A.B. asks: 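Handing you a structure now.
We name chains A, B, ... by the order of the sequence lines, and we start the count at 1 in each one. These numbers were taken from a predicted model, which means no experiment stands behind them.
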There are 2 protein chains.
Amino acid sequence: MVLDRIDYALLRLLRKNARLPNKDLAAKTGIAPSTALERVRRMREARVLLGYHAEIAPAAIGIGLQAMVSVRLAKHSRALVDCFHRHLLDLSEVLACYHVAGADDFLVHVGVRDSDHLRDFALAAFTEREEVAHIETRLIFEFQRNVELPPWPGGD
Amino acid sequence: MVLDRIDYALLRLLRKNARLPNKDLAAKTGIAPSTALERVRRMREARVLLGYHAEIAPAAIGIGLQAMVSVRLAKHSRALVDCFHRHLLDLSEVLACYHVAGADDFLVHVGVRDSDHLRDFALAAFTEREEVAHIETRLIFEFQRNVELPPWPGGD
DNA sequence: AGTGAAATGATAATCAT
DNA sequence: ATGATTATCATTTCACT
């Protein structure tokens with residue numbers, strides 16, 4: 001699917017505020033509400049718009065501590081990597097995971113109650129697993145997401 | 001602000017789908033629509049609910065490559081760290097940044113067009129800056145966010 | 001095919017209880 | 001916390017470009 005300037009503007013608005021009413025979306029991009037609706041619907045169907053998610057204050061849901069855990073696997077067969085990847089996504093402490101190139105295979109963003117929880121979790125989810133060769137845990141002081149879209153690349 | 005089981009259920013639903021209509025929120029949590037509205041409003045005011053953001057397919061907005069850049073600063077005065085942090089958030093290539101404890105000071109999740117763009121960006125935004133002592137770039141094969149909330153901690 | 005204006009039905013917000 | 005009321009919004013239809 002090829003996007004034009006207006007589609008991009010819609011994406012930018014929804015990225016910043018996913019609950020912006022359709023008529024506002026239309027007004028801010030200079031198109032009719034029905035057109036805005038249609039364009040957003042098409043972008044959802046084309047999987048350009050993947051979903052809408054609330055951002056929640058970690059402390060409010062019992063996350064007192066965040067960490068980035070670097071994980072190195074012992075072997076790197078496709079099956080083993082995929083299996084570990086699935087394992088990660090099943091853990092409620094895992095906020096996000098990055099499968100990366102380099103000495104470490106995964107960077108895992110975790111949210112836990114406190115340092116006791118972190119220790120228990122790191123042991124159970126990583127250290128005690130056979131396929132894990134090495135982990136390194138970094139405390140996260142602050143985490144911030146950028147909700148701005150890059151400038152329109154041009155090319156219409 | 002103290003949350004109960006129902007507030008938590010509302011958060012879980014909004015985390016998964018921030019555009020879920022209020023009446024559906026109410027039905028799925030077993031409360032009246034007006035009550036659901038009131039609870040969500042209160043959680044927004046209390047900054048438990050920080051915002052709603054669309055998730056967009058990177059490829060659709062010209063992001064062909066993602067990387068995690070570890071940045072080590074030369075000095076660590078508060079002013080310098082804050083200044084660099086603000087610098088990061090101004091860059092449209094920065095998707096997220098983690099200020100961490102350890103040898104490296106920041107982990108920066110970046111999204112770029114291609115490897116040329118990555119090289120140019122890494123030079124301009126990191127290497128050429130005086131306060132940056134060292135960077136290390138890891139290619140991201142896959143990135144996945146967990147949109148499930150941890151189980152209700154109990155304690156009502 | 002895509003857009004825009006108007007009409008309809010659904011939803012959100014308000015208020016009194 | 002709820003249910004009735006009012007206001008706002010999403011969605012469809014259709015004429016137009």
Side-chain angles (χ1 to χ4, degrees), chain A residues 1-57 59-62 147-156, chain B residues 1-57 59-62 147 149 151-156:
Chain A
M1 179 184 183
V2 51
L3 305 179
D4 64 13
R5 218 183 287 94
I6 292 174
D7 292 320
Y8 203 82
L10 292 170
L11 289 179
R12 173 174 288 121
L13 290 166
L14 287 171
R15 173 81 185 150
K16 220 170 189 169
N17 178 13
R19 299 207 86 166
L20 196 68
N22 182 67
K23 65 155 202 164
D24 293 5
L25 235 42
K28 295 201 183 207
T29 54
I31 59 178
S34 58
T35 309
L37 211 60
E38 164 71 4
R39 281 174 178 259
V40 171
R41 195 185 56 74
R42 285 187 56 195
M43 289 196 286
R44 284 233 61 170
E45 279 178 2
R47 310 273 170 164
V48 166
L49 267 167
L50 300 173
Y52 307 103
H53 304 290
E55 191 189 349
I56 298 165
I61 53 173
V147 295
E148 300 288 339
L149 248 55
W152 168 242
D156 286 11
Chain B
M1 179 185 185
V2 51
L3 305 179
D4 65 13
R5 217 182 288 94
I6 291 173
D7 291 320
Y8 203 83
L10 291 170
L11 290 179
R12 172 173 287 121
L13 290 166
L14 287 171
R15 173 81 185 150
K16 222 172 188 165
N17 178 11
R19 297 207 89 166
L20 196 68
N22 182 66
K23 65 156 203 166
D24 292 6
L25 281 175
K28 294 200 185 205
T29 53
I31 58 178
S34 56
T35 309
L37 210 60
E38 165 71 4
R39 281 175 178 259
V40 170
R41 195 184 55 77
R42 286 188 55 196
M43 289 196 286
R44 284 233 60 171
E45 279 178 2
R47 311 272 169 165
V48 167
L49 266 167
L50 299 174
Y52 308 103
H53 304 291
E55 191 188 349
I56 298 165
I61 54 173
V147 294
L149 249 54
W152 168 243
D156 288 10

A.B. asks: So which protein N/O to nucleotides 5-7 of chain D N/O distances come out below 3.5 Å?
C.D. replies:
none

A.B. asks: For a quick test of reading the model: is some side-chain N or O of Arg39(B) closer than 4.0 Å to OP1 or OP2 of dA1(D)?
C.D. replies: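 Yes, Arg39(B) has a side-chain N/O under 4.0 Å of OP1/OP2 on dA1(D).
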A.B. asks: Would you classify Arg41(A) as touching base, sugar-phosphate or nothing, given that sugar-phosphate means primed atoms plus P, OP1 and OP2, and contacts are heavy atoms under 4.0 Å?
C.D. replies: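 If one applies the 4.0 Å heavy-atom cut-off, Arg41(A) turns out to touch nothing in the nucleic acid.
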A.B. asks: Please list, chain by chain and in numerical order, all residues satisfying side chain to side chain contact (heavy atoms under 4.5 Å, CB included) with Ala27(B), sequence neighbours excluded.
C.D. replies: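 In terms of side chain to side chain contact (heavy atoms under 4.5 Å, CB included), with neighbours along the sequence ignored, Ala27(B) is linked to no residue.
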A.B. asks: Students should find this one: the first and last nucleotides of DNA chain C, 5' to 3', lying under 4.0 Å from a heavy atom of chain B. What are they?
C.D. replies: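 Boundary nucleotides touching chain B, in 5' to 3' order, are dT11(C) to dT14(C).
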A.B. asks: For residues Tyr8(B) and Pro151(B), report the shortest heavy-atom separation together with the two atoms involved.
C.D. replies: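 Closest pair (atom of Tyr8(B), atom of Pro151(B), distance): OH-O, 3.7 Å.
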A.B. asks: Using whole Å, report how far CD1 of Ile6(B) lies from C1' of dA1(D).
C.D. replies: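 Atom CD1 in Ile6(B) sits about 10 Å away from atom C1' in dA1(D).
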A.B. asks: What pairs of residues pass the salt bridge (Lys or Arg N to Asp or Glu O under 4.0 Å) test when at least one of them lies in residues 13-36 of chain A, not counting sequence neighbours?
C.D. replies: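 Salt bridge (Lys or Arg N to Asp or Glu O under 4.0 Å) check on residues 13-36 of chain A returns Lys16(A)-Glu148(A).
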A.B. asks: Which residue pairs pass the salt bridge (Lys or Arg N to Asp or Glu O under 4.0 Å) test when at least one of the two sits in residues 45-55 of chain A, sequence neighbours left out?
C.D. replies: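 Passing the test, one end in residues 45-55 of chain A: Arg41(A)-Glu45(A).
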A.B. asks: What integer distance in Å separates Lys23(B):NZ from dA10(D):P?
C.D. replies: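 For the pair Lys23(B) NZ and dA10(D) P, the rounded distance is 15 Å.
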A.B. asks: Rounded to 10°, tell me the angle between the two end axes of the helix from dA1(C)-dT17(D) to dT17(C)-dA1(D), each built from five pairs.
C.D. replies: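 So the angle between the two local helix axes works out to 30°.
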A.B. asks: Using the ring-ring contact (aromatic ring centres under 6.0 Å, His included) rule, collect all pairs that involve residues 16-50 of chain A, keeping only residues at least two apart or in two chains.
C.D. replies: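 Checked against ring-ring contact (aromatic ring centres under 6.0 Å, His included) - neighbours excluded - no pair reaches residues 16-50 of chain A.
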A.B. asks: How far does CG of Leu11(A) sit from CG of Leu25(A), to the nearest 0.5 angstrom?
C.D. replies: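 Separation between the atoms: 9.5 Å.
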A.B. asks: Minimum heavy-atom separation for Leu3(A) and Trp152(A), please, with both atom names.
C.D. replies: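 It is O-CH2, 3.3 Å.
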A.B. asks: What parts of residues 25-32 of chain A reach DNA chain D, counting only heavy atoms under 4.0 Å away?
C.D. replies: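 The answer is none.
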A.B. asks: Are more than 12 heavy atoms from other residues, nucleotides or ligands located less than 6.0 Å from atom CZ of Arg42(B)?
C.D. replies: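 Open.
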A.B. asks: Where do Leu149(A) and Ile56(B) land on the side chain to side chain contact (heavy atoms under 4.5 Å, CB included) test, with the steps shown first?
C.D. replies: CA-CA 10 Å; Leu149(A) 248 55; Ile56(B) 298 165; 3.8 Å; yes
A.B. asks: Check Ala54(A) against Ala18(B) and note the closest heavy-atom contact, atom names and distance.
C.D. replies: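 Between these two residues, the closest heavy atoms are N-CB, 3.7 Å.
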A.B. asks: Tabulate atom names and distances for all N/O pairs under 3.5 angstrom spanning the protein and nucleotides 11-17 of chain D.
C.D. replies:
none

A.B. asks: Looking across every strand, which nucleic acid part, if any, lies under 4.0 Å from Arg19(A) by heavy atom: base, sugar-phosphate, or nothing?
C.D. replies: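 Nothing: the residue Arg19(A), judged by heavy atoms under 4.0 Å, touches no strand.
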A.B. asks: Restricting to side chain to side chain contact (heavy atoms under 4.5 Å, CB included), what partner residues turn up for Leu37(B), sequence neighbours left out?
C.D. replies: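 Residues passing side chain to side chain contact (heavy atoms under 4.5 Å, CB included) with Leu37(B): Asn22(B).
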A.B. asks: Ile6(B): what forms a side chain to side chain contact (heavy atoms under 4.5 Å, CB included) with it, not counting sequence neighbours?
C.D. replies: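 So Ile6(B) forms a side chain to side chain contact (heavy atoms under 4.5 Å, CB included) with Asp4(B), Leu10(B), Thr29(B), Ile31(B), Arg39(B).
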A.B. asks: Does anything in residues 30-56 of chain A pair up under ring-ring contact (aromatic ring centres under 6.0 Å, His included), and if so which pairs, sequence neighbours excluded?
C.D. replies: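 Checked against ring-ring contact (aromatic ring centres under 6.0 Å, His included) - neighbours excluded - no pair reaches residues 30-56 of chain A.
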